[in-house]
Amino acid sequence: MNFQNTLSFARTMDEQDPLRKFRDEFLFPQQNGKPFIYLCGNSLGLQPKSAREVLGKELDNWQNLAVEGWFEGDSPWMFYHKELKKLMAPIVGATPAEVCPMNTLTVNLHLLLVSFYRPEQKKFKIIMEAGAFPSDQYALESQVRFHGYDPAEAIIEIAPRAGEYTLRTADIIASIAENADELALVLFGGINYFTGQWFDMKAITEAGHAAGAIVGFDLAHAAGNVPVQLHEWDIDFACWCSYKYQNSGPGGIGGIFVHEKHFKDDTLNRFAGWWGYQESTRFKMEKGFVPEPGADGWQISCSQVMPMALYYASLQIFEAAGFMGPIRDKSKILTAYLIYIIDQVNLAIGHQQYQVITPGNENDRGTQVSIIASGNAKGVFEKLVAHHVLGDWREPNVIRLSPVPLYNSFEDVFLTGELLLKISKEIAI
Ligand SMILES: *Cc1c(COP(=O)(O)O)cnc(C)c1O
């Protein structure tokens with residue numbers, strides 16, 4: 001596409017955007033009556049306008065039905081999660097039975113590792129990406145120790161080559177193959193939170209399976225951002241938070257995926273609780289755990305209905321938008337436009353003040369663009385915020401900007417570039 005660095009071009013793109021009406025479904029933060037250009041959906045998605053009503057309905061049910069709400073009313077809480085499962089499944093390319101909303105992300109990662117990290121004498125190692133989100137590093141280290149191994153020996157981190165920021169798929173696959181004899185698990189992010197690199201999940205899964213390992217993904221930055229196909233790619237398990245690209249609110253409920261091929265495996269360990277018990281007989285309260293088939297069998301505590309209601313409000317918007325197909329179509333162009341605009345800023349400055357470290361190939365990224373800023377990077381970031389452009393900052397010098405297809409426009413991207421150039425001229429060069 002031939003982009004132009006003009007307001008009229010951006011506005012024309014917005015007029016032609018089939019998703020443009022969804023912007024109006026969200027609430028934008030404001031300061032002094034002026035809304036922010038919000039490019040931070042990679043960290044916390046915006047509040048859907050419908051969230052208050054969908055949550056309010058359950059507050060009303062609680063008020064009017066109290067304990068009877070579990071089985072009475074038009075959406076009894078006992079079955080509330082089933083409506084969410086139907087809408088979560090197409091977002092991650094799964095069957096409804098393979099997904100379940102529950103807990104929060106790192107908690108779910110631990111619970112799934114209980115089932116799927118099964119080290120044996122010689123096969124006990126885990127391969128992960130270097131520079132994974134810290135919570136994932138801590139979770140894996142503590143799991144490894146829990147099984148009596150030393151993380152320094154058991155965890156193999158794959159790092160980019162010298163002078164590079166992102167991983168080469170060939171290097172990941174080679175490392176998996178080299179360590180096959182000792183490998184129990186491959187655990188990767190779908191998209192790396194720092195660089196925005198979308199890993200070749202299918203190729204990694206195939207390589208992991210060829211090495212006789214289990215393969216799981218943390219989809220915190222991928223779910224609702226890029227069209228993953230967890231079932232078809234034969235991924236063993238995955239988990240995600242829903243408050244980033246899926247707009248479920250701070251601390252929103254997490255989601256898990258367990259591939260259907262594992263449903264009947266009764267050798268899997270799991271930390272059980274009553275809500276994972278077979279639904280039809282759960283309230284007989286009998287001794288001896290019988291899991292509900294599917295991902296639901298990993299539930300422990302009773303449904304978190306209020307956080308689910310917030311997630312449900314956002315999932316309904318995904319449904320109305322046609323799920324990931326149309327979202328991805330817009331995302332590719334919108335993100336490419338942001339990268340183009342940053343190039344234009346560099347051209348106007350006369351040198352590469354802002355270096356995009358997110359992969360240049362659209363198949364290797366989602367919406368997020370990570371930029372290493374030289375000069376007074378922190379100052380530039382703070383001035384962007386002061387002028388109502390909200391991205392996020394990662395030490396020591398990285399600005400992450402995520403134009404989210406459901407609520408960001410081409411005009412947002414154009415205006416961000418214009419402002420970035422102005423600020424750079426003032427303070428950064
Ligand atoms: C955001 C994020 C988390 C956060 O985990 P919580 O348990 O929800 O606090 C964990 N891992 C990754 C990769 C993330 O991007």
Side-chain angles (χ1 to χ4, degrees), residues 39-46 88 91-92 99-114 116-117 126-144 155 157-159 165-167 172 185-199 201 204 215-226 228 230 235 237-257 271 298-301 304 306-308 310-311 314 357-358 365-370 391-395 398-402 404:
L39 297 173
C40 211
N42 58 307
S43 192
L44 182 70
L46 290 180
M88 291 162 72
I91 292 178
V92 293
V99 297
C100 190
M102 63 175 81
N103 313 310
T104 45
L105 172 54
T106 311
V107 171
N108 287 333
L109 181 57
H110 274 295
L111 295 175
L112 290 166
L113 289 171
V114 165
F116 292 107
Y117 175 49
I126 301 175
I127 281 190
M128 70 187 298
E129 85 236 48
F133 194 85
S135 199
D136 300 37
Q137 297 180 36
Y138 309 148
L140 285 170
E141 285 165 11
S142 60
Q143 285 278 339
V144 161
I155 298 178
E157 291 190 353
I158 309 182
Y165 292 99
T166 51
L167 288 174
I172 301 172
L185 175 71
V186 177
L187 194 284
F188 255 71
I191 289 183
N192 180 272
Y193 82 102
F194 192 77
T195 63
Q197 179 180 17
W198 182 13
F199 297 113
M201 296 168 58
I204 292 172
V215 182
F217 284 91
D218 179 332
L219 301 179
H221 284 267
N225 177 6
V226 287
V228 295
L230 300 182
I235 287 162
F237 71 94
C239 47
W240 55 92
C241 51
S242 59
Y243 50 79
K244 290 172 180 163
Y245 291 98
Q246 295 182 78
N247 318 308
S248 70
I253 195 152
I256 69 158
F257 163 88
F271 284 172
W298 270 263
Q299 295 173 102
I300 294 182
S301 295
Q304 297 154 260
M306 299 303 157
M308 275 190 203
L310 293 171
Y311 190 15
S314 173
I357 59 170
T358 302
R365 64 175 187 238
T367 77
Q368 177 186 318
V369 178
S370 301
D392 84 352
W393 172 257
R394 289 287 143 185
E395 295 292 344
V398 171
I399 297 172
R400 300 186 303 175
L401 303 175
S402 294
V404 172

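All heavy atoms count here, side chains included; hydrogens, waters and symmetry mates do not. Both ligands and their constituent atoms are indexed starting at 1 by order of listing.
- Of the N or O atoms in D136, one or more lie within a sub-3.5 Å distance of an N or O in ligand 1.
- Polar contact with ligand 1: present for T106 (N/O pair, distance under 3.5 Å).
- Close approach of ligand 1 to A220 is summarised as follows: ligand atoms under 4.0 Å from at least one heavy atom of the residue are 2 (C), 12 (C), 13 (C), 14 (C), 15 (O).
- Within the listing of ligand 1, atoms 11 (N), 12 (C), 13 (C) sit less than 4.0 angstrom from a heavy atom of D218.
- Between the CG atom of N247 and the OG atom of S314 there is a distance of 4.0 Å, given to the nearest 0.5 Å.
- Checked by distance only, ligand 1 and H221 come closer than 3.5 Å through their nitrogen or oxygen atoms.
- Atom 15 (O) of ligand 1 has its closest protein heavy atom at K244 NZ, 2.5 Å.
- Here the options are V144, L112, L187, L140, the test is side-chain contact (heavy atoms from CB on, under 4.5 Å), and the partner is Y117; only V144 passes.
- When only modelled atom types and interatomic distance are considered, S370 and Y165 share no side-chain donor-acceptor pair under 3.5 Å.
- Note that CZ of F199 and CZ of F217 are 9.0 Å apart. Values are rounded to the nearest 0.5 Å.
- Protein heavy atom closest to atom 9 (O) of ligand 1, with residue, atom name and distance, is Y243 OH, 3.6 Å.
- Judged by distance alone, the side chains of T106 and S135 do bring a donor and an acceptor atom under 3.5 Å apart.
- Each of D136, D218, I172 was checked for a side-chain contact (heavy atoms from CB on, under 4.5 Å) with F188, and the lone residue meeting it is I172.
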